[in-house]
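Counting starts at 1 for both ligands and their atoms, in listed order.
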Amino acid sequence: MKVIEHINNANGKTQFSFEILPPLKGQNITQIFDQMDPLMEFKPPFVDVTYHREEYVYKELENGLLQKKIVRKRPGTVGICAAIQNKYQVDAIPHILCGGFSKEDTENFLIDLGFLGIDNVMALRGDAVKSETYFTPERDGHSYAGDLVQQISELNMGKYLDAEIENQAQTDFCIGVAGYPDKHMEAPSLDSDIHFLKKKIDKGATYIVTQMFFNNAKYFSFVDKCRAAGITVPIIPGLKPLATKKQLNLIPHRFSLELPDELIADVVKCKDNKAVRELGVAWCIQQSKELIAAGVPVLHYYSMGKSDNIRAIASSLF
Ligand SMILES: Cc1cc2nc3c(=O)[nH]c(=O)nc-3n(C[C@H](O)[C@H](O)[C@H](O)COP(=O)(O)OP(=O)(O)OC[C@H]3O[C@@H](n4cnc5c(N)ncnc54)[C@H](O)[C@@H]3O)c2cc1C
């Protein structure tokens with residue numbers, strides 16, 4: 001079923017969902033199941049599976065020269081989605097990127113998803129590869145998520161890259177896109193970012209999932225600005241419970257967002273990471289309660305490979 005149908009069928013009740021990462025190469029899928037099992041009693045209508053593009057790793061050779069190696073540390077997005085749908089009968093949503101994909105790769109990826117009975121995709125640009133400052137599209141690939149949304153929408157209409165292809169079966173994907181209450185790190189302003197977000201919707205995306213935020217006022221103001229810009233689709237808040245002291249510096253740096261002073265002060269007072277984890281859960285429960293009261297359609301949690309804290313949050317809310 002499509003995300004948008006899950007939302008419509010819930011008749012205004014807030015639903016629980018979460019995002020998982022494929023395991024590091026070499027690990028087994030049981031790691032995913034162990035993470036998901038404790039969360040399934042909260043009946044997520046859908047679960048997102050992130051996509052991780054290749055990275056460049058430099059290895060020093062005996063002669064002192066550096067050898068560049070291309071590695072994909074977390075492959076398996078599509079396989080995990082198929083396994084999740086098969087094991088739990090919930091909709092699994094693969095993330096798909098512009099980065100590392102030519103248009104042809106994208107088309108073939110989407111054909112695989114369609115054959116697997118996957119009805120939803122989260123369309124993203126992806127970040128620059130770690131050793132580069134700016135995002136570089138693949139040769140004959142897309143530069144922005146909006147262009148990727150356009151290609152998916154066209155395939156939904158049976159429009160393939162090769163216009164002469166026979167039959168032209170239509171796909172039927174519900175397309176999600178990312179939104180940033182703190183604005184995307186490269187956007188010159190929030191207004192500019194929302195302008196391009198609207199373009200993603202105009203090209204066929206039907207819901208938005210936000211980047212994590214720790215201050216609900218940011219989300220509410222973002223939603224107001226989106227509505228004023230003519231964006232009418234559901235805007236699903238993405239939440240992450242803080243878990244370590246280090247994240248006070250890592251999260252603002254990695255995701256280009258601000259943490260509330262009150263949260264910072266409370267984390268600083270914690271004597272160890274166990275205390276930070278408890279604080280992160282309590283903070284996230286408070287955020288969630290306020291968002292539920294405001295009638296958000298879904299609360300979407302970033303699990304980052306661990307589910308005990310998400311379980312603690314879900315059990316006090318759902
Ligand atoms: C919910 C969510 C899930 C994510 N999942 C993953 C994942 O699985 N794997 C992964 O690698 N990354 C993931 N990301 C991170 C994401 O790939 C990065 O944030 C990336 O830098 C931007 O992706 P985007 O789809 O928002 O890009 P875009 O919508 O393309 O926007 C990128 C930037 O370009 C600007 N822009 C957009 N269109 C145009 C245009 N036509 N002309 C000029 N400027 C434009 C925007 O304002 C923004 O600053 C996720 C992010 C979120 C919020």
Checking Lys240 against Tyr302: charged group under 6.0 Å from the ring centre and within 45 degrees of the axis? no
Is the contact between Lys200 and ligand 1 made by the side chain, the backbone, both, or neither, using heavy atoms and a 4.0 Å cut-off? side chain
Atom 26 (O) of ligand 1 sits nearest the protein heavy atom Tyr180 OH, 2.7 Å
Checking Leu279 against Val267 for the side chain to side chain contact (heavy atoms under 4.5 Å, CB included) test, could you report, in this order, the C-alpha distance in whole Å, the side-chain angles of both residues, the deciding distance, and whether it holds? CA-CA 7 Å; Leu279 171 70; Val267 172; 3.5 Å; yes
Compute the shortest N/O to N/O distance between Tyr51 and ligand 1 and return yes if it is under 3.5 Å, no if not. yes
Determine, using ring centers only, whether Phe16 and Tyr301 are less than 6.0 Å apart. yes
Under 4.0 Å from atom 31 (O) of ligand 1, can you find at least one protein heavy atom? no
Mode of Tyr144 contact toward ligand 1 - side chain, backbone, both, neither (heavy atoms, under 4.0 Å): both
Hey, is ligand 1 close enough to Asp193 that some N/O pair sits below 3.5 Å? yes
Does ligand 1 have a heavy atom under 4.0 Å from the side chain of Phe135, from its backbone, from both, or from neither? neither
Here the gap from Tyr144 atom OH to His142 atom NE2, rounded to the nearest 0.5 Å, amounts to 14.0 Å
Hey, is ligand 1 close enough to Asp127 that some N/O pair sits below 3.5 Å? yes
Applying a strict 4.0 Å limit to heavy atoms, is Gly126 in contact with ligand 1? yes
With a 4.0 Å cut-off, would you call Lys103 and Glu138 a salt bridge? no
Please state whether Lys199 comes within less than 4.0 angstrom of ligand 1, counting heavy atoms only. no
Compute the shortest N/O to N/O distance between His95 and ligand 1 and return yes if it is under 3.5 Å, no if not. yes
Do Thr244 and Asn273 meet the criterion of a side-chain donor-acceptor pair at a distance under 3.5 Å? no
Is it the case that ligand 1 has an N or O less than 3.5 angstrom from some N or O of Ala145? yes
Thr50 heavy atoms within 4.0 Å reach ligand 1 at atoms 8 (O)
Does a sphere of radius 6.0 Å around NZ in Lys87 hold more than 12 heavy atoms from other residues, nucleotides or ligands, not counting ones at 6.0 Å or beyond? yes
Note: Tyr302, heavy atoms under 4.0 Å from ligand 1, region reported as side chain
How does His184 reach ligand 1, if at all, at less than 4.0 Å between non-hydrogen atoms: by side chain, backbone, both, or neither? side chain
Would you mind telling me if ligand 1 is within reach of the side chain of Leu97, the backbone, both or neither, using heavy atoms under 4.0 Å? side chain
Sort and list the pairs that fulfil side chain to side chain donor-acceptor pair (under 3.5 Å) and have at least one residue in residues 213-225, not counting sequence neighbours. Asp182-Lys218, Asn216-Gln287, Asn216-Glu290
Using heavy atoms and a threshold below 4.0 Å, how should the contact between His52 and ligand 1 be classified: side chain, backbone, both, or neither? neither
Decide if atom OH of Tyr134 counts as having more than 12 heavy atoms of other residues, nucleotides or ligands within a radius under 6.0 Å. no
Are Tyr180 and Met185 close enough that some pair of their side-chain heavy atoms sits under 4.5 Å apart? no
